[in-house]
2 protein chains.
Amino acid sequence: MSLPHAILTALMEKPSSGLELTRRFDRSIGYFWSATHQQIYRELGKLEQAGQIRALEPAQPARGQKKEYEVLPAGREALSAWVARQEDPKQVRDPLLLRMRAAAVVGAPGLDAELRRHLELHRRQLAEYRAIEIRDFPPERDTPGDRLRHLVLRGGIDLENFWIGWITRALEDYPQPT
Amino acid sequence: MSLPHAILTALMEKPSSGLELTRRFDRSIGYFWSATHQQIYRELGKLEQAGQIRALEPAQPARGQKKEYEVLPAGREALSAWVARQEDPKQVRDPLLLRMRAAAVVGAPGLDAELRRHLELHRRQLAEYRAIEIRDFPPERDTPGDRLRHLVLRGGIDLENFWIGWITRALEDYPQPT
DNA sequence: GTGATCATGTAACAAGTTACATGATTCC
DNA sequence: GGAATCATGTAACTTGTTACATGATCAC
């Protein structure tokens, strides 16, 4: 139930076309809710049918033509209701941890190389987040919205730090093939 | 592509029936790869057809009767190949971070209560992991398999600590409705 | 006019969720 | 024999993934 709300949030921040949304789901929003353009177009169709968003620039039925959407009051209400709702943290599903556990029973030749590769990827992601933090959240700006967005970004930063810490420790502890 | 490998790992650790697997996916394995009994039965069927596992206690076709599976050599090989494979970390998809971002545009009455509720849930999960750590990984045991399984558990512990830290900070920073 | 890229979509499939159905066993 | 629970499964649906199709626009 999160994708439609991710799209509504993105459209509230700025009315956009499907492709523009896709690009934003490769950056900002996508850092904590990823989606492909196929998912986005499908969901835009559903949201439009449900009367939560509507296309601007009236009625362009043509295929290859840009179509911008904006959020209607019903969409805003649906989003508010979702934010206020109780929803338990979903259970963890992480392939790397799972592979580690599998390695405990079938052996793990080369898994340390994979760990180093992941470590590098997480370091890069962290550097990207830090750059965004410096660029978008200078100390002087401090509206409530900025503070919340900054909190979210720090969530991303902390998550990358978790992975870097865990993988580093794993590599130190890694059972050496003696 | 992870569920079949999660099941193969569980069956390598100990041959089991579908219901026993379901219970283990509510505990140990489930702490980093959750699955419902419907998913498990469906996947067991596929794995059996693919010749990666087989039912013990020959040929019980009856509906309500227990059916134990064990891993065949082909299944073990498939699992080894999967452990050795390169697979990028999947992109984050977290509803709580997303709701925070939505709150930045539509407002967030009551979101702090939800944060406190999540904080409590994560504290409980952390306590459970710590209890398991003390019970299952006393300092004297130190086979390679144990070390890997312990690493995985510490991953769970670190993840809970990340959440506890982040939510605590969020509550401190939370924009007060003044 | 043709090739790149912008832009919207379809189709088929895989994975995960929710609700329900049904037989076997055990305890009273 | 009735209730609880053990145990396996079906069906319908939603969400996410992968591969492909097609039209519009712009640079050359």
Side-chain angles (χ1 to χ4, degrees), chain A residues 1-8 11 15-26 29-30 32-50 53-57 59-69 78 82 87-95 98, chain B residues 1-8 11 15-26 29-30 32-50 53-57 59-69 78 82 87-95 98:
Chain A
M1 283 299 294
S2 292
L3 178 58
H5 303 105
I7 291 176
L8 287 171
L11 288 180
S16 309
S17 67
L19 192 61
E20 279 162 6
L21 282 176
T22 301
R23 286 203 241 276
R24 289 168 66 195
F25 274 81
D26 282 337
I29 297 270
F32 44 90
W33 201 274
S34 64
T36 62
H37 84 271
Q38 292 87 343
Q39 273 180 286
I40 289 168
Y41 283 116
R42 179 164 60 186
E43 204 62 42
L44 282 172
K46 283 190 200 169
L47 286 168
E48 192 175 21
Q49 269 210 315
I53 62 174
R54 80 165 165 206
L56 297 174
E57 332 265 321
Q60 283 156 321
R63 191 179 174 113
Q65 245 156 332
K66 199 167 151 176
K67 207 157 115 194
E68 287 227 311
Y69 292 94
W82 178 71
E87 193 169 296
D88 285 352
K90 60 170 187 175
Q91 298 184 51
V92 176
R93 267 196 188 123
D94 187 86
L98 182 59
Chain B
M1 283 295 296
S2 292
L3 178 58
H5 303 106
I7 290 176
L8 286 171
L11 289 180
S16 308
S17 67
L19 193 60
E20 279 161 5
L21 281 177
T22 300
R23 286 204 242 275
R24 288 168 66 195
F25 274 81
D26 282 336
I29 297 270
F32 44 90
W33 201 275
S34 63
T36 61
H37 84 271
Q38 292 87 341
Q39 274 180 286
I40 289 167
Y41 282 116
R42 179 164 59 185
E43 205 62 42
L44 282 171
K46 284 189 200 170
L47 286 169
E48 191 176 21
Q49 269 209 313
I53 62 174
R54 78 163 167 209
L56 296 173
E57 331 265 320
Q60 282 157 320
R63 191 181 174 112
Q65 245 157 332
K66 198 166 152 178
K67 207 156 114 193
E68 288 227 310
Y69 291 95
W82 178 72
E87 193 169 296
D88 285 352
K90 59 170 186 176
Q91 299 185 52
V92 175
R93 268 197 188 120
D94 186 87
L98 182 59

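In what follows, chains are A, B, ... by sequence order, proteins preceding strands, each numbered from 1.
The interatomic distance linking A:Leu19 (CG) with D:dA24 (P) rounds to 16 Å, in whole Å. Rounded to an integer number of Å, the gap from B:Lys90 NZ to C:dG16 C1' is 11 Å. Straight-line distance from the CE atom of A:Met1 to the P atom of D:dT15: 7 Å, rounded to whole Å. Distance A:Gln49 CD to D:dT14 P: 13 Å, rounded to the nearest Å. In this structure, the CD1 atom of A:Ile40 is 11 Å from the P atom of D:dT17, given to the nearest Å. In this structure, A:Glu68 atom CD and C:dC6 atom P are separated by 16 Å, rounded to whole Å. Whole-Å rounding puts the B:Lys67 NZ to C:dG23 P distance at 16 Å. A:Ile7 places its CD1 atom 13 Å from the P atom of C:dT8, with the value rounded to the nearest Å.
When each of A:Arg42 and A:Arg23 is assigned the nucleotide of DNA chain C bearing its nearest heavy atom, the one mapping closer to the 5' terminus is A:Arg23. Each of B:Tyr69 and A:Ser2 was assigned the nucleotide of DNA chain D with the nearest heavy atom; the assignment lying further toward the 5' end belongs to B:Tyr69. Heavy-atom distances to DNA chain D give each of A:His37 and A:Ser34 a nearest nucleotide, and the one nearer the 5′ end belongs to A:Ser34.
In this view, B:Glu20 and B:Lys66 satisfy the side chain to side chain donor-acceptor pair (under 3.5 Å) rule, not counting sequence neighbours.
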Would B:Thr36 and B:Tyr41 count as a side-chain contact (heavy atoms from CB on, under 4.5 Å) if you check the C-alpha gap in whole Å, the side-chain angles of each, and the deciding distance to 0.1 Å? CA-CA 9 Å; B:Thr36 61; B:Tyr41 282 116; over 6 Å; no
Query - Pair A:Leu21-A:Leu11, side-chain contact (heavy atoms from CB on, under 4.5 Å): steps then yes or no - result: CA-CA 8 Å; A:Leu21 282 176; A:Leu11 288 180; 4.0 Å; yes
Requested in this report: I would like to know whether A:Glu87 and A:Trp82 meet side-chain contact (heavy atoms from CB on, under 4.5 Å); could you show each step before the answer?
Outcome: CA-CA 9 Å; A:Glu87 193 169 296; A:Trp82 178 71; 3.6 Å; yes
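Here A:Lys66 does not reach the OP1 or OP2 of D:dT25: none of its side-chain N or O atoms lies under 4.0 Å away. Between B:Tyr41 and D:dT8 there is a side-chain N or O to OP1 or OP2 distance below 4.0 Å. Contact annotation: A:Gln39 reaches the phosphate of D:dT17 (side-chain N/O to OP1 or OP2, under 4.0 Å).
Within 4.0 Å of A:Lys46, counting heavy atoms only, lie sugar-phosphate atoms of the nucleic acid but no base atom. In this structure, B:Ser17 reaches the sugar-phosphate backbone alone: every heavy-atom distance under 4.0 Å involves primed, P, OP1 or OP2 atoms, never a base.
Considering only side-chain atoms of A:Gln38, the nucleotide from C:dG9, D:dA11, C:dG16 that sits closest is C:dG9. Among C:dG16, D:dG16, C:dG9, the nucleotide with an atom closest to any side-chain atom of B:Leu3 is C:dG16.
Under the 3.5 Å distance criterion, with hydrogens and angles disregarded, no donor-acceptor pair is assigned to the side chains of A:Arg93 and B:Ser2.
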